[in-house]
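In this text the structure is predicted, and so the values were computed from the model without any measurement.
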Amino acid sequence: MPREDGGAIRAPRKVLVVDDSAVVREALSAILRRAGHLVSTAADPIIAMDKMRRERPDAIVLDVEMPRMDGLTFLRQLMARDPLPVVVCSGLAGAGSEVALEALEAGAVALIEKPRLGVRGFLQESSMRISDAVAGALEARLARRGADDVPASPAPALPARTLRGTTQKVVAVGASTGGTEALRVLLEAMPPDAPGLAIVQHMPQEFTAAFAHRLAQTCRIDVKEAETGDALSPGRALIAPGNSHLLVRRSGAKYYAEVTGGELVSRHRPSVDVLFRSAAEAAGANAVGVILTGMGDDGARGMVALREAGAFTIAQDEASCIVFGMPKEAIRHGAVAEVLPLSRIARRVLEQT
């Protein structure tokens, strides 16, 4: 059925599900059809390419481990030839999570966990995350990539600096669709004495530790998946674990992380709103809030709390976003002090701390 979007009638969008598991294809198809999409399926990339020659989809949901051609090879060929929004749907954990993260670096715009059928409570939340990820992908702006492209070069080193003020500073960052690449650019630009950063990136729990480890290998600051009690100290960035909220807490002049469960907030766990509100309460004017590319409005209300507490707030600009949804909503709420291209955000953060 056509959907009404902003007062205009929009035709259903075409989504191609590529997965070698018939059960997963059936589950994903049911979820996406309920969301109003026209869904077709393929058991491997070879079949997918044949179907795409006959009808080009608007987005693809792609497994990474399949027969005849793996999903990563297919993705790289697709991005070099005819870029389409791709959501990687992976059940791989451990070492396999590295493959899924490589897919994000190769051009996929989101990463979701395969739905587990028969687990009460999980499927409903999983359905929401899958629907939201595909909706974000359908809004993504893509550029053609070479088949052998590697991630962009690190941002230029920033000049050494000393922390100003009598109290420690803390930076709270939120991102979703397209955020893994945006966070790489932001964190690689941070010098070893950068203020502590607390980060929410919407990502399944099986992948956040591997994501933090990959960032730690290329950054001059320490990057790790957050654990309760971890110090938010200079030269360190803490990534919220998937499926858990991350909060900033304060003890004296020092900040530390609290990782907790709880309900979905703004449709997410971890939620940017939860992080931002905790930073507003713990740090007030000693915080800097940054909202990056992403679908939806998570973080907008939390950024209002940050600004009302005296924090300096930054939103990524539309031109450099994969999806402008989250920054746009924060701007609409009057929560943003400055709107900047991604390449300038790190330097501005440092100027404020």
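- Listed by chain and residue number, Asp44 satisfy the salt bridge (charged side-chain N to carboxylate O under 4.0 Å, His left out) test with Arg68 (two or more places apart in sequence, or in another chain).
- Using a distance-only test at 3.5 Å, with no hydrogens or angles considered, a donor-acceptor pair links the side chain of Thr293 to the main chain of Thr177.
- Other residues, nucleotides and ligands contribute at most 12 non-hydrogen atoms within 6.0 Å of the NE2 atom of His213.
- Partners of Asp297 by salt bridge (charged side-chain N to carboxylate O under 4.0 Å, His left out), not counting sequence neighbours, listed by chain and number: Arg301.
- Arg267 has no carboxylate O lying under 4.0 Å from a charged side-chain N of Asp298, or vice versa, which leaves the two without a salt bridge.
- Within a 6.0 Å radius of CD in Glu263, other residues, nucleotides and ligands contribute 12 heavy atoms or fewer.
- When the side chains of ILVMFWY residues are joined at heavy-atom separations under 4.5 Å, either directly or via intervening members, Leu84 and Ile47 end up in two distinct hydrophobic clusters.
- One N or O on the side chain of Thr353 and one on the backbone of Val349 form a donor-acceptor pair closer than 3.5 Å.
- Checked against salt bridge (charged side-chain N to carboxylate O under 4.0 Å, His left out), Glu308 has no partners two or more places apart in sequence or in another chain.
- Counting heavy atoms from C-beta outward, Ile199 and Leu183 have side chains that approach closer than 4.5 Å.
- Between Leu28 atom CG and Ser131 atom OG the span is 10.0 Å, to the nearest 0.5 Å.
- Residue Phe276 comes nearest to Gly299 through the heavy atom pair CD1-O, 3.4 Å, listed as atom of the first residue, atom of the second, then distance.
- Through direct or indirect side-chain contacts shorter than 4.5 Å among Ile, Leu, Val, Met, Phe, Trp and Tyr, Val304 is connected to no other residue.
- The shortest side-chain heavy-atom distance between Asp230 and Tyr256 does not fall under the 4.5 Å cut-off.
- Applying the side-chain contact (heavy atoms from CB on, under 4.5 Å) rule to Leu264 yields the partners Glu125, Met128, Arg269; only residues at least two apart in sequence or on another chain are considered.
- With respect to the salt-bridge test (charged N to carboxylate O, under 4.0 angstrom), the residues Glu102 and Arg76 qualify.
- Looking only at distances, a side-chain donor or acceptor of Asp273 sits under 3.5 Å from a matching main-chain atom of Gly302.
- Looking at Ser271, its side chain never comes within 3.5 Å of a backbone N or O of Ser266 through a donor-acceptor pair.
- Between Phe312 and Gln352, the shortest heavy-atom contact is CD2-CG, 3.4 Å.
- Two residues are said to be in side-chain contact when any heavy atoms from C-beta on lie closer than 4.5 Å; Glu338 and Thr313 fail this criterion.
- Looking at Asp222 and Arg236, a side-chain N of the basic residue comes within less than 4.0 Å of a carboxylate O on the acidic one, giving a salt bridge.
- Under the 4.5 Å side-chain criterion, counting only non-hydrogen atoms from C-beta, Met295 is not in contact with Met326.
- Here the closest heavy-atom approach between residue Val87 and residue Ala133 is recorded as CG2-O, 3.8 Å.
- Separation of atoms CG (Leu215) and NZ (Lys224) is listed at 13.5 Å; rounding is to 0.5 Å.
- Checked for salt-bridge contact, Asp132 and Arg129 miss the test: no charged N lies under 4.0 Å from a carboxylate O.
- Atom CZ of Arg277 is separated from atom CG of Leu275 by 11.5 Å, given to the nearest 0.5 angstrom.
- Under the 4.5 angstrom side-chain criterion for Ile, Leu, Val, Met, Phe, Trp and Tyr, the cluster partners of Val265 are Leu247, Val274.
- A donor-acceptor pair is defined here as one N or O able to donate and one able to accept, closer than 3.5 Å; such a pair exists between the side chain of Arg250 and the backbone of Gly252.
- Atoms CD and CG, from Gln205 and Asn243 in turn, are 4.5 Å apart once rounded to the nearest 0.5 Å.
- For the pair Gln201/Thr208, no side-chain contact is recorded, criterion being any heavy-atom separation below 4.5 Å from C-beta on.
- In this structure, the side chains of Leu111 and Phe207 come closer than 4.5 Å at one or more pairs of heavy atoms.
- Minimum interatomic distance between Ala175 and Leu292 (heavy atoms only, all atoms of both residues): CB-CB, 3.9 Å.
- Contact detail for Ala311 and Gly284: the closest heavy-atom pair is CB-O, 3.5 Å.
- Within a 6.0 Å radius of CZ in Arg344, other residues, nucleotides and ligands contribute 12 heavy atoms or fewer.
- Counting only distance, with no hydrogens or angles, the side chain of Gln168 and the backbone of Leu232 share a donor-acceptor pair below 3.5 Å.
- At least one donor-acceptor pair closer than 3.5 Å links the side chain of His333 to the backbone N or O of Glu329.
- For the atom pair Lys51 NZ and Ile46 CD1, the distance stands at 14.0 Å (nearest 0.5 Å).
- Ser21 places a side-chain N or O within 3.5 Å of a backbone atom of Val24 that can act as its donor or acceptor partner.
- Taking 4.5 Å as the limit, some side-chain heavy atom of Val86 sits within range of a side-chain heavy atom of Leu78.
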| Where do Thr228 and Glu258 land on the side chain to side chain donor-acceptor pair (under 3.5 Å) test, with the steps shown first? | CA-CA 4 Å; Thr228 294; Glu258 180 182 340; over 6 Å; no
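- Of the possible polar contacts, none joining the Ser244 side chain to the Pro241 backbone as a donor-acceptor pair under 3.5 Å is found.
- Here the CD1 atom belonging to Ile60 is positioned 9.0 Å from the OG atom belonging to Ser40, to the nearest 0.5 angstrom.
- For the pair Arg220 and Glu188, the salt-bridge criterion is not met [side-chain N within less than 4.0 Å of a carboxylate O].
- Remark: side-chain polar atoms of Arg307 are paired, donor with acceptor, to backbone N or O of Val336 under 3.5 angstrom.
- Between Leu72 and Val64, the closest side-chain pair of non-hydrogen atoms is not below 4.5 Å.
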